[in-house]
Amino acid sequence: QEKGRAVVEIWDIVDSDGVPTGKTTVRGHMHFEKGEYHLVVHIWVIDSHNRLLIQQRAAHKQPMPGEWAATGGSAIAGESSKQAACRELYEELSIAADPVELQLAARRIRKNAVNDIWYLRRDVALETLSLQKEEVSAVRWVSMQQLQNMVQTGEFHNYGSEYFKTIHSLLNA
């Protein structure tokens, strides 16, 4: 948002391979035909202790207000998946990552989204982060076991068992 007025987000409509179709849609006014999606990125920061950096969504942020979740968001028109991942990581948490540092873990189709899961291996002191208050209310480091417990209790958003198998595999890589 820019000083009190909403920014219109335009998204590329992509196919199941994440390739733009030449069509766009406006956030909040989406209509997808069969086989049409928008590109969503999730970025997992993993520290040298194999902990995962998670964030709590702002209490007013739709969808999933107040839930703990992965860092991420939608790619804007003209943006590649990796560009979107770098932008979201910086906007939400003030972590500046060189694109070569980000690694693609998986691509999953989820509802009307092609969801690319990226990861960054970096030790980050939480007190050095500047959170985007419109999106993020808190951050913390968790172990995979703590994350699984949070999913089971409904505290962390449940992206599905295959998704979390991917995240677990990153810790063993």
Side-chain angles (χ1 to χ4, degrees), residues 1-12 14 18 24-30 37-47 49 51-108 110-143 146-147 150-151 154-159 163-164 166-167 170:
Q1 299 218 346
E2 292 176 8
K3 297 192 180 178
R5 67 170 224 247
V7 174
V8 174
E9 263 187 47
I10 299 173
W11 298 340
D12 286 324
V14 299
T24 59
T25 188
V26 176
R27 179 187 198 123
H29 302 282
M30 295 132 2
Y37 307 90
H38 73 288
L39 185 59
V40 173
V41 295
H42 286 179
I43 311 96
W44 289 87
V45 180
I46 304 167
D47 75 2
H49 303 288
R51 294 180 305 173
L52 302 156
L53 183 63
I54 62 172
Q55 66 184 48
Q56 187 175 32
R57 293 174 61 83
H60 67 274
K61 184 70 181 160
Q62 294 294 336
M64 304 157 25
E67 272 189 76
W68 288 87
T71 299
S74 296
I76 55 176
E79 213 173 30
S80 72
S81 176
K82 189 175 267 194
Q83 288 169 329
C86 287
R87 177 184 51 77
E88 289 286 351
L89 191 59
Y90 187 74
E91 281 180 2
E92 293 188 1
L93 303 179
S94 74
I95 296 173
D98 187 306
V100 298
E101 293 179 278
L102 287 177
Q103 300 296 315
L104 184 63
R107 170 170 277 175
R108 302 227 182 281
R110 188 166 185 262
K111 300 179 183 169
N112 287 107
V114 171
N115 186 357
D116 284 348
I117 304 167
W118 294 92
Y119 68 99
L120 170 70
R121 292 201 175 271
R122 185 181 292 177
D123 289 335
V124 176
L126 298 181
E127 61 274 9
T128 66
L129 299 178
S130 178
L131 308 183
Q132 183 183 24
K133 293 298 180 195
E134 302 83 27
E135 302 259 346
V136 183
S137 61
V139 290
R140 68 187 260 208
W141 288 106
V142 294
S143 67
Q146 288 171 309
L147 180 67
M150 290 175 77
V151 170
E155 203 178 348
F156 191 94
H157 187 73
N158 189 347
Y159 297 110
Y163 181 100
F164 289 109
T166 298
I167 303 311
L170 296 176

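Keep in mind that this is a model prediction, so the values were computed, not measured.
- Nearest heavy-atom pair across V40 and A113 is CG2-CB, 3.6 Å.
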From CA spacing to verdict: side-chain contact (heavy atoms from CB on, under 4.5 Å), V45, L89: CA-CA 9 Å; V45 180; L89 191 59; 3.9 Å; yes
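- The distance from atom CD of Q83 to atom CG of L102, rounded to the nearest 0.5 Å, is 11.5 Å.
- Across Y119, F164, Y163, a single residue satisfies ring pair (Phe, Tyr, Trp, His ring centres under 6.0 Å) together with H42, and that is Y163.
- Residues S74 and R87 approach most closely at O-NH2, 3.0 Å, considering heavy atoms.
- Remark: of the listed residues R108, R107, R110, R107 is the sole one forming a salt bridge (Lys or Arg N to Asp or Glu O under 4.0 Å) with D116.
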Is there a side-chain contact (heavy atoms from CB on, under 4.5 Å) between S81 and W118? Walk through the geometry before answering. CA-CA 9 Å; S81 176; W118 294 92; 2.9 Å; yes
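- The side-chain contact (heavy atoms from CB on, under 4.5 Å) test applied to L129 returns L53, S94, I95, V124, L126, L131, V139, not counting sequence neighbours.
- Closest approach of A59 and P65 over heavy atoms only: O-CB, 3.0 Å.
- Classified by interplanar angle (parallel below 30°, tilted 30° to 60°, perpendicular above 60°), the ring pair H38/W11 is parallel.
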Is there a side-chain contact (heavy atoms from CB on, under 4.5 Å) between D12 and L39? Walk through the geometry before answering. CA-CA 8 Å; D12 286 324; L39 185 59; over 6 Å; no
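- Closest approach of A69 to Y159, counting heavy atoms only: CB-OH, 3.3 Å.
- Taking all atoms of both residues into account, the shortest heavy-atom contact from A97 to L120 is CB-CD2, 4.1 Å.
- One distance of note links CD1 of I167 with CG of L52; it measures 7.5 Å at 0.5 Å rounding.
- Taking CD of E91 as the reference point, atom CD of E134 lies at 10.0 Å (rounded to 0.5 Å).
- One finds no salt bridge joining R57 and E67 here, because no Lys/Arg side-chain nitrogen approaches an Asp/Glu carboxylate oxygen to under 4.0 Å.
- How far CD1 of I10 is from CD of E79: 13.0 Å, rounded to the nearest 0.5 Å.
- Between R140 and V142, the shortest heavy-atom contact is NE-CG1, 3.6 Å.
- Under the 3.5 Å distance criterion, the side-chain polar atoms of D47 are matched with a main-chain donor or acceptor of H49.
- Between I43 and E92, every side-chain heavy-atom pair lies at or beyond the 4.5 Å cut-off.
- The line from CD1 of I76 to CZ of R27 is 11.5 Å long, rounded to the nearest 0.5 Å.
- The backbone N or O of G66 sits less than 3.5 Å from a side-chain atom of Q56, completing a donor-acceptor pair.
- From Q55, atom CD reaches atom OG1 of T71 across 3.5 Å, with rounding to the nearest 0.5 Å.
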